[in-house]
Student: 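Input: one structure, supplied below.
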Amino acid sequence: MVTVDLFRLSRNDHSLGHVRILREHNRSFHAVVSYRDTEEQRDTQSYRIVTDTRNHAIMSVLSWANKEFGGHCVLLPLKSAPRSLAFA
């Protein structure tokens with residue numbers, strides 16, 4: 001798998017966790033959400049969504065997060081990995 005994008009999952013300017021969008025060689029996309037249910041919780045929970053496009057992965061994460069955390073969730077980009085590497 002190749003990391004395509006990394007996002008911070010946020011609600012009302014409060015960080016809830018982070019999301020990695022991964023691409024497999026068969027062109028499926030995996031969105032992996034890492035979060036904590038409460039601030040006091042030490043263990044990180046994770047949730048995985050498999051889709052056929054990057055945009056579907058992002059939309060599915062936002063839909064799940066809005067249900068899980070009560071709406072108004074956003075994904076803030078942290079970085080984008082290069083889609084292809086050129087070697088000189």
Side-chain angles (χ1 to χ4, degrees):
M1 281 195 217
V2 176
T3 299
V4 176
D5 293 296
L6 182 62
F7 297 94
R8 181 168 48 106
L9 178 61
S10 181
R11 180 174 181 256
N12 299 328
D13 293 328
H14 177 66
S15 182
L16 301 170
H18 68 274
V19 177
R20 288 175 300 169
I21 306 287
L22 307 167
R23 185 184 69 221
E24 278 195 342
H25 294 290
N26 67 2
R27 301 202 184 246
S28 65
F29 288 78
H30 295 246
V32 181
V33 183
S34 299
Y35 65 99
R36 291 194 175 132
D37 283 331
T38 63
E39 290 185 17
E40 296 81 31
Q41 182 182 6
R42 290 185 182 188
D43 295 331
T44 302
Q45 304 292 317
S46 65
Y47 184 76
R48 181 181 294 254
I49 299 168
V50 180
T51 65
D52 57 346
T53 69
R54 176 184 174 271
N55 287 342
H56 285 147
I58 291 169
M59 289 185 305
S60 296
V61 165
L62 285 173
S63 177
W64 172 83
N66 284 328
K67 290 175 190 170
E68 184 74 19
F69 300 111
H72 305 290
C73 292
V74 296
L75 292 177
L76 304 170
L78 292 177
K79 73 173 189 174
S80 291
R83 304 258 185 238
S84 62
L85 297 175
F87 296 96

Student: Do you know the tightest heavy-atom contact between Tyr35 and Leu16?
Tutor: CB-O, 3.4 Å
Student: Tell me the closest heavy-atom pair linking Leu6 and Arg20, and the distance in Å.
Tutor: CD1-CG, 3.4 Å
Student: Between the side chain of Arg27 and the main-chain N/O of Asp52, is any donor-acceptor distance below 3.5 Å?
Tutor: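 No, the answer is negative, given that no donor and acceptor are paired below the 3.5 Å cut-off.
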Student: Under 4.5 Å side-chain heavy-atom separation, chaining through any Ile, Leu, Val, Met, Phe, Trp or Tyr, what else clusters with Leu76? Say none if it is isolated.
Tutor: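 Taking Ile, Leu, Val, Met, Phe, Trp and Tyr as members, Leu76 shares its hydrophobic cluster with Val74.
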Student: Can you list everything that forms a side-chain hydrogen bond (donor to acceptor under 3.5 Å, both in side chains) with Arg48? Sequence neighbours excluded, please.
Tutor: His30
Student: So, Asn12 side chain and His14 main chain: donor-acceptor pair closer than 3.5 Å or not?
Tutor: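 Side chain of Asn12 to backbone of His14: no pair is present.
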Student: Taking the side chain as every heavy atom from C-beta outward, state whether Leu9 and Leu75 have any atom pair closer than 4.5 Å.
Tutor: yes
Student: Taking it one step at a time, do Ser28 and Asn26 satisfy side chain to side chain donor-acceptor pair (under 3.5 Å)?
Tutor: CA-CA 6 Å; Ser28 65; Asn26 67 2; 2.9 Å; yes
Student: If I compare all heavy atoms of Ala57 with all of Thr51, which pair ends up nearest, and what's the gap?
Tutor: N-OG1, 3.3 Å
Student: Using residues 59-69 as the side-chain source, report each donor-acceptor pair under 3.5 Å to any protein atom, sequence neighbours left out, with the distance given to one decimal.
Tutor:
residue : atom : partner : partner atom : Å
Ser60   : OG   : His56   : O            : 2.8
Asn66   : OD1  : His72   : N            : 3.1
Asn66   : OD1  : Cys73   : N            : 2.9
Asn66   : ND2  : Leu62   : O            : 3.1

Student: About how many Å separate CD of Gln45 and CG of Asp43, when rounded to the nearest 0.5 Å?
Tutor: 7.0 Å
Student: So, using side-chain hydrogen bond (donor to acceptor under 3.5 Å, both in side chains) as the criterion, who are the partners of Asp13 when residues are at least two apart?
Tutor: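 Checked Asp13 against side-chain hydrogen bond (donor to acceptor under 3.5 Å, both in side chains); zero matches.
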